[in-house]
Amino acid sequence: MNLDYKLVRNTLVVKVKGELDMVIAERVRDEIDNRITENQIKNLILNLEKVTFIDSSGLGLIIGRYKKINSLNGKMYIVGARPTVEKILFFSGINKLVPIYRTEQDIINI
Amino acid sequence: MGWTIMNIKNYVRFEFSSIAENVGLARSCVAAFASQLDCTLDEIEEIKLVVSEAVSNCIIHAYDNRANQKVEIMVSIQDDRTLDLIIKDYGKGIVDIEKALEPAYSTDGSRMGMGFTFMKSFMDEMEVISKPGEGTSVQMRRSFLVRDQEAYA
């Protein structure tokens with residue numbers, strides 16, 4: 001599996017690895033959604049440090065999780081996106097919904 | 001293709017089954033081919049994105065996620081600086097092309113409806129030819145500046 005998880009109180013930190021296209025996006029979506037339900041998650045941090053590529057399917061994954069977390073009154077963040085991935089996130093306007101930070105520590109500091 | 005055919009320097013043509021695992025293969029193949037051009041790594045990334053979007057469309061929309069259907073790619077280099085890309089399926093076709101090209105329009109809620117927007121933005125020209133019941137062909141072209149003439153930031 002292309003995923004690492006960490007649970008910090010009611011925040012789920014997910015580290016995705018590889019190319020976030022329709023293959024990976026579908027797997028990641030199901031895994032995250034199951035964990036949100038099982039662990040009564042409120043907030044979600046998506047760590048994209050190890051993601052080398054993203055397309056519409058990956059963006060759809062982010063928007064879908066954002067809607068879900070939003071409906072739970074939680075907050076969602078993206079961290080660690082490399083420049084090529086970050087460019088696509090900005091191009092799509094997703095950064096207006098989901099704040100993007102350099103590191104997980106940066107979120108804790110805000 | 002309605003566009004001028006210039007001096008074809010090289011081309012590759014391949015076809016594959018309409019399964020999600022082949023999306024990555026398709027974009028890697030085209031990226032490897034495009035690297036013969038004098039383009040930057042950023043530009044290669046954009047080409048990969050464009051291919052990924054077009055092929056995902058074939059699988060998700062044209063074939064409604066049915067496997068074992070045919071996706072064809074033809075990619076060529078013209079005059080040392082222009083990449084022509086044709087991605088073709090034999091699926092259900094697009095009824096309203098204009099609507100399909102609108103940003104954020106998607107018939108599938110799990111994606112973002114930005115596929116064609118990316119293709120239009122990262123390529124110089126894009127044309128969609130589609131016939132309901134027969135299939136869709138997306139033709140795209142992008143020219144790259146010869147590196148030492150690059151004058152913009």
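Naming: A, B, ... by sequence-line order, numbering from 1 per chain. Computation of the quantities below employed the complete heavy-atom set of this structure, encompassing side-chain atoms and omitting hydrogens, waters and symmetry-equivalent molecules. Quick caveat, the model's predicted, so the values are computed rather than measured.
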Exercise. Side chain, backbone, both or neither: which part of I24(A) has an atom under 4.5 Å from a heavy atom of chain B?
Worked result: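 Neither part; nothing is under 4.5 Å.
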
For this session: Answer with side chain, backbone, both or neither: which region of S92(A) has an atom nearer than 4.5 Å to a non-hydrogen atom of chain B?
Result: both

For this session: Before giving the answer on side-chain hydrogen bond (donor to acceptor under 3.5 Å, both in side chains), spell out for Y77(A) and E104(A) the whole-Å C-alpha distance, their side-chain angles and the decisive distance to 0.1 Å.
Result: CA-CA 9 Å; Y77(A) 304 94; E104(A) 286 169 29; over 6 Å; no

Exercise. Around atom NZ of K75(A), are there more than 12 heavy atoms of other residues, nucleotides or ligands at under 6.0 Å?
Worked result: no

For this session: Measure F122(B) against the heavy atoms of chain A and call it side chain, backbone, both or neither at under 4.5 Å.
Result: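 F122(B) touches chain A through side-chain heavy atoms alone.
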
Exercise. Which bit of I59(B) is near chain A, if near means a heavy-atom gap under 4.5 Å: side chain, backbone, both or neither?
Worked result: side chain

For this session: Hey, could you give me the CE/CZ distance between M22(A) and R29(A), rounded to the nearest 0.5 Å?
Result: 10.0 Å

For this session: Report yes or no: do D89(B) and Q69(B) form a side-chain donor-acceptor pair below 3.5 Å?
Result: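 No, Q69(B) and D89(B) have no side-chain donor paired with an acceptor closer than 3.5 Å.
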
